[in-house]
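Being a predicted model, the structure only gives us computed values, none of them experimental. A note on names: the letters A, B, ... follow the listed sequences, proteins ahead of strands, and every chain is numbered from 1.
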Amino acid sequence: MPRVRIAPSPTGPLHIGTARTALFNYLFARHTGGTFVLRLEDTDVARSTLAFEEDILAGLDWLRIAWDEGPDSAGGADRGPYAPYHQLQRIERHRAAAANLLARDLAYPCYCTPEELEADREAQAAAHEPPRYVGRCANLTPAERAAREAEGRRGALRFRVPPGVVAFDDLVRGRIEIDTANIGGDFVIVRSDGTPLYHFAVVVDDADMAMSHIIRGEDHISNTPKHILLFRALGHAVPAFAHLPLILNPDRTKMSKRKSQTAISDYIAQGFVQEALVNFLALLGWSTGTEEEILTLDEIAARFDLDHVQKGGAVFDRERLEWLNGQWIRRLEPDDLIDRLEPFLQRELDAGRIDRLPGREELRALLPIIQERLPRLDAIGDLTGFLWVDRLEPDPTTIVPKRWDGATTREALAEARATIAGSASPVTFEADELEPPLRALAEARGWKAGDLFMAIRVAVTGRTATPPLFDTLVALGRDRTLGRLDRAIALLS
RNA sequence: GCCCCCAUCGUCUAGAGGCCUAGGACGCCACCCUUUCAAGGUGGAGACCACCGGUUCGAAUCCGGUUGGGGGCACCA
């Protein structure tokens with residue numbers, strides 16, 4: 001059975017690109033009946049934090065990308081037969097592997113100083129040569145090493161890169177061959193402080209955890225020969241590789257925090273729903289091969305295959321995400337939608353933009369007229385906020401419809417108020433009863449119904465774009481409707 | 001600079017030699033519906049399949065080159 005993994009490092013919040021890679025690994029595991037593993041690459045102690053680890057787990061959890069093995073919770077216990085799944089806790093495994101390579105002279109200690117290495121790079125740049133380690137410490141005698149150690153210098157460990165071509169059959173790109181002469185010379189696998197570097201730790205852990213497929217971003221293609229060389233040196237079977245196309249900024253460079261919104265948590269905060277984000281991410285670089293495009297996570301897993309993974313990078317098209325989000329919001333069951341809306345209403349309350357929280361039943365009654373008007377959950381405030389505020393302060397100039405003047409508007413609102421007050425009794429204040437008499441009023445006075453309705457709309461909601469007017473009046477209730485009309489009339493005087 | 005990867009409407013993509021005078025979706029435009037805004041419906045503009053040369057009876061699909069774009073070259077991950 002396939003074993004795949006996502007190995008994020010907790011040096012930042014869950015990134016869109018990491019989430020997409022996690023999703024593809026998850027989908028591959030679900031489709032093939034394999035196992036999906038989550039491993040935290042926290043060896044960069046200086047930059048890793050528990051808060052980021054929490055963000056990553058929470059984000060994957062929110063996306064419903066469930067891992068079969070890995071950390072149960074941030075900083076908590078690990079679950080699975082290959083625990084621990086925190087890379088830092090596997091340090092002894094890395095040390096043992098490093099000692100093994102050193103003992104077999106497949107790796108050697110390097111005492112070059114940062115200054116020496118920097119000078120090498122500068123000389124190479126000046127000579128228009130690619131940067132590579134020159135091998136200064138590659139053939140030190142035991143005596144020379146001892147001398148350096150005696151000076152108190154601590155060596156980093158470098159892997160001896162053998163000459164030749166490393167080839168692999170990428171599951172999405174086909175055969176790729178890279179001459180080891182082009183990978184930069186012998187590379188460091190253990191820092192002088194004894195901690196392992198990414199390229200080394202990742203291979204030791206992937207080997208230990210019996211990974212069968214490595215599905216990751218295209219930016220790792222050039223690193224693959226290093227990994228393959230290490231798998232071989234360590235005496236492990238080399239897993240299959242599949243390199244996914246990159247997610248791009250609008251200018252087609254690798255998606256970055258600088259140019260795009262990359263944190264999953266920001267998308268959550270903006271009211272994107274899980275279904276939409278997963279659907280969107282799955283379709284970035286992959287397709288069903290058919291014209292289906294609105295799919296649940298399970299439907300996607302059932303159809304997923306590496307054959308339909310695109311080779312070229314994909315621009316993150318936020319407009320399309322927003323459209324998909326609207327599609328999914330419209331498909332949500334009422335209770336579900338209400339549950340998801342509540343935090344956003346709470347946020348409106350906390351920000352002082354509304355004065356009270358609507359009850360579930362109040363919201364439920366509104367759903368038929370607002371569900372299709374929500375591109376994102378965070379639009380709930382703009383769409384319905386006027387219903388939950390005690391006092392409205394509409395701008396008098398916006399109450400007056402384009403073709404009308406202040407006096408006409410004032411007169412129209414006064415007559416509309418009288419019509420509403422007279423025609424609709426408190427117990428049957430319903431949309432169907434409100435509309436005919438107001439249309440009749442407009443007709444009788446020679447006003448365009450749309451102008452009258454717009455004046456009422458702004459007077460009562462403060463906005464020019466709202467859910468259907470009469471349903472809105474009903475939601476507001478008779479007393480508040482009349483009160484707001486009075487207030488608007490006063491404002492126009 | 002060196003190495004590697006990629007190349008179908010603005011964007012996401014279908015397409016695995018004839019079904020393609022290239023299909024769908026987002027976005028855009030128009031119309032319909034309509035009290036505003038949405039949603040929905042209908043229609044439209046939009047890609048000489050980057051370019052050049054092969055292979056073939058026939059190429060978006062295969063091969064080579066060119067150009068363009070991207071990624072990688074750390075005691076970061």
Side-chain angles (χ1 to χ4, degrees), chain A residues 7-9 11-12 41-44 46-48 110 112-114 117-118 121 124-125 127-133 155-158 170 173 176-179 181-185 187-193 195-199 201-202 217-225 243 245-246 248 250-254 280 283-294 307-308 310-324 326 330 369-375 383 401 435 438-439 442 448-454 456-458 461 463-470 472:
Chain A
S9 73
T11 52
E41 313 244 306
D42 54 357
T43 47
D44 185 346
R47 295 194 299 147
S48 297
C110 168
C112 294
T113 63
L117 296 172
E118 181 54 32
R121 275 192 286 272
Q124 288 159 346
H128 298 293
E129 287 168 9
R132 72 193 313 277
Y133 178 59
L157 198 62
R158 279 186 190 272
D170 191 283
R173 279 147 220 278
I176 294 176
E177 300 184 349
I178 297 177
D179 193 316
N182 296 316
I183 63 180
F187 57 92
V188 176
I189 55 177
V190 179
R191 296 183 182 91
S192 49
D193 69 2
T195 58
L197 264 86
Y198 168 77
H199 293 304
V202 78
E218 185 187 358
D219 46 352
H220 279 297
I221 291 180
S222 301
N223 294 326
T224 306
H243 288 95
L246 259 23
L248 275 21
D251 65 4
R252 304 202 74 88
T253 53
K254 181 162 84 165
F280 176 75
L283 260 20
L284 261 193
W286 176 80
S287 73
T288 59
T290 70
E291 285 175 359
E292 298 176 294
E293 57 183 354
I294 297 188
D307 296 338
H308 283 93
Q310 199 81 10
K311 293 193 190 75
V315 172
F316 187 96
D317 181 2
R318 191 178 167 110
E319 299 253 36
R320 192 172 157 81
L321 205 212
E322 299 235 4
W323 169 75
L324 258 179
R330 271 166 239 137
I369 58 169
I370 64 171
Q371 192 158 6
E372 66 188 22
R373 290 183 168 75
L374 285 172
L383 199 57
E435 184 168 352
L438 286 167
R439 276 193 189 283
K448 287 198 67 174
D451 288 337
L452 208 218
F453 294 168
M454 183 54 84
I456 299 173
R457 167 178 293 111
V458 178
T461 68
R463 303 178 162 272
T464 54
T466 70
L469 181 61
F470 304 105
T472 300

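Residues passing the side-chain hydrogen bond (donor to acceptor under 3.5 Å, both in side chains) test with A:N182, sequence neighbours excluded: none. The side-chain hydrogen bond (donor to acceptor under 3.5 Å, both in side chains) test applied to A:R330 returns no partner, not counting sequence neighbours. For A:E118, the salt bridge (charged side-chain N to carboxylate O under 4.0 Å, His left out) partners are A:R121, not counting sequence neighbours. The ring-ring contact (aromatic ring centres under 6.0 Å, His included) check on A:F316 picks up A:Y267, A:F280, with sequence neighbours excluded. When the ring-ring contact (aromatic ring centres under 6.0 Å, His included) test is applied to A:F453, the partners found at least two apart in sequence or on another chain are A:F470. For A:D170, the side-chain hydrogen bond (donor to acceptor under 3.5 Å, both in side chains) test picks out A:H243, with sequence neighbours left out. Contacts of A:D44 classified as salt bridge (charged side-chain N to carboxylate O under 4.0 Å, His left out), with partners at least two apart in sequence or in another chain: A:R47. Not counting sequence neighbours, the partners of A:D307 by the side chain to side chain contact (heavy atoms under 4.5 Å, CB included) test are A:D305. For A:R318, the side-chain hydrogen bond (donor to acceptor under 3.5 Å, both in side chains) partners at least two apart in sequence or on another chain are A:Q270, A:E322.
Closest to the side chain of A:K311, from the set B:C6, B:G27, B:A77, is B:C6.
For B:C2 and B:U56, the C1' atoms lie 38 Å apart once the distance is rounded to whole Å.
Residue A:Q310 has a polar side-chain atom (N or O) positioned under 4.0 Å from OP1 or OP2 of B:A14. Between A:T288 and the phosphate of B:A14, there is no side-chain N or O to OP1/OP2 separation shorter than 4.0 Å. Contact between the side-chain N/O atoms of A:R318 and the OP1/OP2 oxygens of B:G27 is not found at any separation under 4.0 Å.
Using the Watson-Crick or G-U wobble rule with both distances under 3.5 Å, B:C28 pairs with B:G44. Judged by Watson-Crick or G-U wobble contacts below 3.5 Å, the nucleotide B:U55 has no partner. Pairing partner, B:U61: none, since no Watson-Crick or wobble contact has both distances short of 3.5 Å. The partner of B:C2 is B:G72, judged by Watson-Crick or G-U wobble contacts that both fall below 3.5 Å.
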* Spell out protein contact along nucleotides 15-22 of chain B as letters: B when the base is contacted, S when just the sugar-phosphate is, - when no protein heavy atom is under 4.0 Å; keep the 5' to 3' order. => S-------

* Going 5' to 3' along nucleotides 62-74 of chain B, which nucleotides have protein heavy atoms under 4.0 Å from the base (write B), which only from the sugar-phosphate (write S), and which from neither (write -)? -> --------SBSBS

* Reading nucleotides 34-50 of chain B from the 5' end, what letters show protein touch, with B for base, S for backbone sugar-phosphate only, - for no heavy atom under 4.0 Å? -> -BBBBSS----------

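Of the two residues near RNA chain B, A:D317 and A:P8, the one whose nearest nucleotide lies more 5' is A:D317.
Distance alone, capped at 3.5 Å, places no donor-acceptor pair between the A:T195 side chain and the A:R191 backbone.
Atoms CG (A:L321) and C1' (B:U13) sit 16 Å apart, rounded to a whole Å. The nearest whole Å value for the distance from the CZ atom in A:R191 to the C1' atom in B:C76 is 8 Å.
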